[in-house]
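Structure first, then comments.
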Amino acid sequence: MTSSSGTPLADFASTIVQWQQEHGRHHLPWQGTRDPYRIWLSEIMLQQTQVATVIGYYERFLQRFPDIAALAAASQDEVMPYWAGLGYYARARNLHRCAQTLVAQWNGRFPEQSADIATLPGIGPSTAAAIAAFAHGERSPIMDGNVKRVFTRYFGIHGITSERATEKALWEQAHAALACAPASLDMIAYTQGLMDLGSQRCTRGRPACAACPLQAGCYARRNACQHELPTPKKKKAIPERLCLMLVARHNDHILLERQPSPGIWGGLWSLPKYEDRLTLEAASLALGMSGAPPQKMAAFSHTFTHFKLHIEPWYTEVGSGGAVMEVGKGRSWTAIGELSETALPAPVRKILDGLFF
DNA sequence: GACGCGTGGGT
DNA sequence: TACCCAAGCGT
């Protein structure tokens with residue numbers, strides 16, 4: 001990890017504030033509020049997730065769970081359908097846990113200081129700083145993907161950003177930028193401005209340097225190395241797996257299995273999964289006497305961060321003549337009409353929507 | 001420090 | 001197509 005020296009710093013934060021006020025985003029659904037609950041919800045949803053994806057989920061979640069008390073009073077089964085399809089479901093489980101922690105230990109309200117906020121489930125240092133800055137104007141720096149891009153390029157910080165030394169340099173630079181800023185700095189505009197700059201100007205592919213307010217002092221611009229920063233991390237080949245999913249229908253019901261957490265899709269309901277055809281057929285038989293063996297449907301693949309799943313859906317109708325077995329212990333015959341309100345992972349939703357809707 | 005954890009969009 | 005990633009955190 002190396003870094004340049006002598007980069008102008010005094011006007012860094014003020015420049016970003018001024019730019020944000022003129023060119024930044026001001027009408028996102030979670031802007032214009034100081035309500036820590038709304039700010040928190042948006043920050044969690046936005047982790048590793050794009051703004052356009054979040055907006056609909058945010059509005060629906062807020063309508064159903066308008067405040068900490070409403071969320072804390074709900075069960076996890078009531079919460080998960082409002083997160084289904086958004087991914088990284090531990091975020092929703094931690095969100096729910098956090099609401100209950102706030103009620104039990106913090107009088108139902110968020111603590112004000114980022115150091116306290118960061119002790120809560122699912123809230124790390126960057127999210128805690130964002131909540132404290134947006135809700136109370138606390139002068140704590142965030143350090144997300146956008147800020148890392150802006151900082152590595154502007155200050156010439158080389159090194160893979162997840163490595164300890166680089167991470168440390170980034171946080172120290174973030175604190176230094178704030179320490180040099182005027183006492184009157186608008187922390188809301190600064191925090192938002194850093195993210196707006198990262199997402200609208202200092203983009204990964206083709207950064208719009210000519211329209212960037214920091215272009216004059218930018219290390220990467222000066223050295224024409226925008227594409228080398230942030231230092232790219234070597235990627236690892238991801239494994240591939242085959243997964244057979246059984247769509248077992250009994251009258252107007254479909255068999256679903258609750259996914260354990262932690263684990264993939266933890267807290268959601270999936271179709272029963274099998275590694276091979278023999279296992280799937282045996283399971284199908286165990287459900288009850290069926291007239292016909294399971295039929296293979298159109299296969300497709302779904303890529304996760306860490307592996308690629310080849311999915312084969314198999315359809316079978318469980319005859320009314322045989323007893324319908326295997327209910328309970330994390331299994332459920334769910335009415336087709338209730339699927340739209342069931343917390344299903346995206347690929348499962350895709351299979352069932354294709355069949356019934 | 002490495003890995004587990006989703007999904008949809010951009011190139 | 002295949003790959004890169006996007007407002008990270010927990011273990």
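In what follows, every chain begins at residue 1, and chains take the letters A, B, ... in the order their sequences are listed. Quick caveat: nothing in here was measured; it's all calculated off a predicted structure.
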*For A:Pro262, which contact category applies under a 4.0 Å heavy-atom criterion: base, sugar-phosphate, or nothing?*
nothing
*asked:* Classify A:Thr303 by what it touches in the nucleic acid, base, sugar-phosphate, or nothing, heavy-atom distance under 4.0 Å.
replied: base
*A:Tyr37: what forms a ring-ring contact (aromatic ring centres under 6.0 Å, His included) with it, not counting sequence neighbours?*
A:Trp40
*Determine which pairs satisfy side-chain hydrogen bond (donor to acceptor under 3.5 Å, both in side chains) with at least one residue from residues 76-87 of chain A, sequence neighbours left out, and list them in order.*
A:Ser75-A:Glu78, A:Asp77-A:Arg258
*asked:* Give me the distance, rounded to whole Å, that separates B:dC5 from C:dA2 when you measure between the P atoms they each carry.
replied: 24 Å
*Listed nucleotide nearest any side-chain atom of A:Arg204, set C:dG8, B:dG1, C:dC4*: C:dC4
*Qualifying residues under side chain to side chain contact (heavy atoms under 4.5 Å, CB included), relative to A:His306, sequence neighbours excluded*: A:Ile264, A:Phe304
*Residues in contact with DNA chain B, drawn from residues 344-357 of chain A - heavy-atom cutoff 4.0 Å*: A:Pro345, A:Ala346, A:Pro347
*Between A:Gly198 and A:Gly122, which is nearer to the 5' end of DNA chain C once each is assigned its nearest nucleotide?*
A:Gly198
*Could a donor-acceptor pair under 3.5 angstrom be found where the side chain of A:Ser162 meets the base of B:dG1?*
no
Under 3.5 Å, which protein N or O atoms sit close to an N or O of nucleotides 9-11 of chain B? Give each pair with its distance.
unit_1, atom_1, unit_2, atom_2, d
B:dG9, O4', A:Gln50, OE1, 3.3

*Whichever of A:Lys233 and A:Leu120 has its nearest DNA chain C nucleotide further upstream toward 5'*: A:Lys233
*Using a distance-only test with no angle check, is there a side-chain donor-acceptor pair under 3.5 angstrom linking A:His250 and A:Glu317?*
no
*Heavy atoms under 4.0 Å, any strand shown: does A:Thr305 hit a base, just sugar-phosphate, or nothing?*
base
*Not counting sequence neighbours, which residues clear side-chain hydrogen bond (donor to acceptor under 3.5 Å, both in side chains) with A:Gln18? List them please.*
none
*Could you work out which one of B:dG1, C:dC3, C:dG8 sits closest to the side chain of A:Lys235?*
C:dC3
*Return the residues of residues 93-100 of chain A meeting this criterion: a heavy atom under 4.0 Å from some atom of DNA chain B. Order them by number, or give none.*
none
_Please report the distance, rounded to the nearest Å, between CG in A:Asp144 and P in C:dA6._
10 Å
Give every donor-acceptor pair under 3.5 Å between a side-chain atom in residues 338-346 of chain A and any protein atom, sequence neighbours left out.
unit_1, atom_1, unit_2, atom_2, d
A:Thr342, OG1, A:Glu338, O, 2.8

*Taking the side chain of A:His306 as its heavy atoms from C-beta onward, which of C:dC9, B:dG6, B:dG4 lies nearest to it?*
B:dG4
*asked:* Can you list, in residue-number order, the parts of residues 22-47 of chain A that come under 4.0 Å of DNA chain B, counting heavy atoms only?
replied: none
*Go through residues 83-92 of chain A and report each residue with a non-hydrogen atom lying under 4.0 Å from DNA chain B, sorted by number.*
A:Gly85, A:Leu86, A:Gly87, A:Tyr88, A:Tyr89
*For residues 127-151 of chain A, which residue pairs qualify under salt bridge (charged side-chain N to carboxylate O under 4.0 Å, His left out), counting only residues two or more places apart or in two chains?*
A:Lys148-A:Glu167
_Applying a 4.0 Å non-hydrogen cut-off, can you work out what A:Ser126 is touching in the nucleic acid: base, sugar-phosphate, or nothing?_
sugar-phosphate
_ring-ring contact (aromatic ring centres under 6.0 Å, His included) partners of A:Trp314, counting only residues at least two apart_ = none
*asked:* Students often get this wrong, so: under 4.0 angstrom with heavy atoms, is A:Val54 touching a base, only sugar-phosphate, or nothing?
replied: nothing
